[in-house]
Structure formats: structure tokens, C-alpha cells
Amino acid sequence: MRRYLIGLCVFMVFGWTHAALAWPARVVHVSDGDTVHVEPIKGGKRIKVRLYGVDCPESRQPYGQAATGFVSDLALFKIVDVQPYDTDRYGRTVAVLAIGESTAQDALLDAGLAWVYTRYCKIPQCAAWKDKEKAAARARRGLWRDLDGASKPVAPWTWRSRGR
């Protein structure tokens, strides 16, 4: 019953037209801050999940390893609800990852370890996530720690486009 209610709440928050039903899974591997591998509770093969709407620093970027460790501490070997929205060009399921009463996206943004990926984030929740990103920057959390320093944070999409 609890999972049904969570799924219903996710639909109400994120919209009926964009999402499929959420399903429970166990996180069995964390690739990086915004990609995890899950095994569905009801059986089936392991699925690679890209977190919807956020982009974490790349592994070789400053705070990339911190984001990976944060998601590992948050979700590894825990039961989560996967709310799929899309499949990306690499075949990954793009989803919101609900952990308890929150999401992995909320936690990463609160910690200052991710950007809202505005190019792809199109659900109503994205505005609230953008507010969380701005709050983390104002509070100098995570990658926003040295905003006035010589090494300002570089968004991962910019980092990738530079061929790093």
C-alpha cells in the first residue's frame, strides 16, 4: 500500500503524461554521481539508471568522486522506487530515484554536488530543484565552496564539450 501511495504522489507531483509507474528495486552498484545500477525487486535483469534532471561532476572533475561517494552512502544496497521518464541514447533508463520520503536528486542538489540539467529537465519539479541548486550555491555547499576562488565550478556538460 505504501508503494502505491508513493507512486500516486509521484504522479501528482511530476505529471500523469510523462511518467510510467514507479517500481521498487535495490541499488547494487553506483557508477558515478548520476548513474546507478538497480535490480528490480520482483526479479529481472540489472538495469542502468541515469538520474533524471541532474548532472553531477564527471569522475575526473573536482567533486566527481565526492558525488559518487555521496550517492553510494545514500543508496547503495537500499530499496528505492524507480520512476522512469525516458531511455537515453546509451540505453539507460532515465528516472527519478525515490529513497524514503525524498529523492536522490533532492539530496544531491541539497549537498551541492549536482547541477539541474536544464536542457533535459522538463517536469514541474525542475523549478524546485533549481531553487535547491541556488540555495546550495548561496550556502557554499559542496562544489560551490570556492565560488570566489580561482577554480570556479565547471558544469559537466561544459567539461565534456572541452574534451576533458
Side-chain angles (χ1 to χ4, degrees), residues 10 13-15 17-20 22 25 27-38 46-78 80-164:
V10 168
V13 171
F14 295 115
T17 59
H18 294 95
V27 176
V28 295
H29 178 72
V30 176
S31 297
D32 58 32
D34 51 39
T35 307
V36 299
H37 297 248
V38 301
R46 183 180 287 195
I47 298 166
K48 200 173 200 179
V49 175
R50 168 70 166 83
L51 297 182
Y52 178 89
V54 297
D55 205 2
C56 290
E58 296 295 326
S59 295
R60 286 186 241 136
Q61 266 187 280
Y63 294 95
Q65 293 299 317
T68 302
F70 181 84
V71 172
S72 291
D73 291 344
L74 179 72
L76 190 59
F77 304 122
K78 293 184 181 162
V80 299
D81 283 315
V82 178
Q83 177 66 52
Y85 279 87
D86 202 357
T87 302
D88 69 10
R89 65 183 176 188
Y90 305 109
R92 300 176 295 189
T93 297
V94 181
V96 172
L97 207 66
I99 305 168
E101 300 300 318
S102 189
T103 67
Q105 287 87 334
D106 286 310
L108 280 162
L109 291 163
D110 284 337
L113 294 172
W115 283 261
V116 174
Y117 207 171
T118 53
R119 179 176 177 187
Y120 298 106
C121 198
K122 304 300 179 192
I123 61 175
Q125 184 63 29
C126 297
W129 287 345
K130 193 66 180 169
D131 290 342
K132 286 178 178 286
E133 177 188 311
K134 290 176 186 174
R138 279 192 306 272
R140 307 287 172 108
R141 289 190 298 265
L143 59 90
W144 306 107
R145 189 160 287 138
D146 298 323
L147 275 179
D148 296 328
S151 60
K152 292 186 179 174
V154 176
W157 52 88
T158 302
W159 178 273
R160 289 187 295 268
S161 73
R162 293 178 183 169
R164 301 241 176 151

Tell me whether the rings of Trp115 and Trp144 are parallel (<30°), tilted (30 to 60°) or perpendicular (>60°).
perpendicular
Tell me the closest heavy-atom pair linking [X] and [Y], and the distance in Å.
X	Y	answer
Gln65	Ser59	NE2-O, 3.4 Å
Ala67	Leu113	CB-O, 3.9 Å
Leu51	Ala104	CD1-CB, 4.0 Å
Lys132	Asp106	CE-OD1, 3.0 Å
Ala95	Val49	CB-CG1, 3.9 Å
Val38	Ala25	CB-CB, 3.7 Å

With rounding to the nearest 0.5 angstrom, report the [atom1] to [atom2] distance, [X] to [Y].
X	Y	atom1	atom2	result
Leu97	Lys78	CG	NZ	11.5 Å
Tyr117	Arg50	OH	CZ	7.0 Å
Thr103	Trp129	OG1	CH2	5.5 Å
Phe77	His29	CZ	NE2	10.0 Å
Thr87	Lys48	OG1	NZ	13.5 Å
Arg141	Glu133	CZ	CD	11.5 Å

Stepwise side chain to side chain contact (heavy atoms under 4.5 Å, CB included) check, Cys126 with Tyr52:
CA-CA 10 Å; Cys126 297; Tyr52 178 89; 4.2 Å; yes
Is the backbone of Asp34 close enough, under 3.5 Å, to the side chain of Asp32 for a donor and an acceptor to pair up by distance?
yes
Check: Gln105 side chain, Val54 main-chain N or O, donor-acceptor pair, under 3.5 Å:
no
Looking at Lys122 and Asp86, is there a salt bridge between them, counting it only when a charged N and a carboxylate O are closer than 4.0 Å?
no
Does Arg162 reach the side chain of Val154, with side-chain heavy atoms less than 4.5 Å apart?
yes
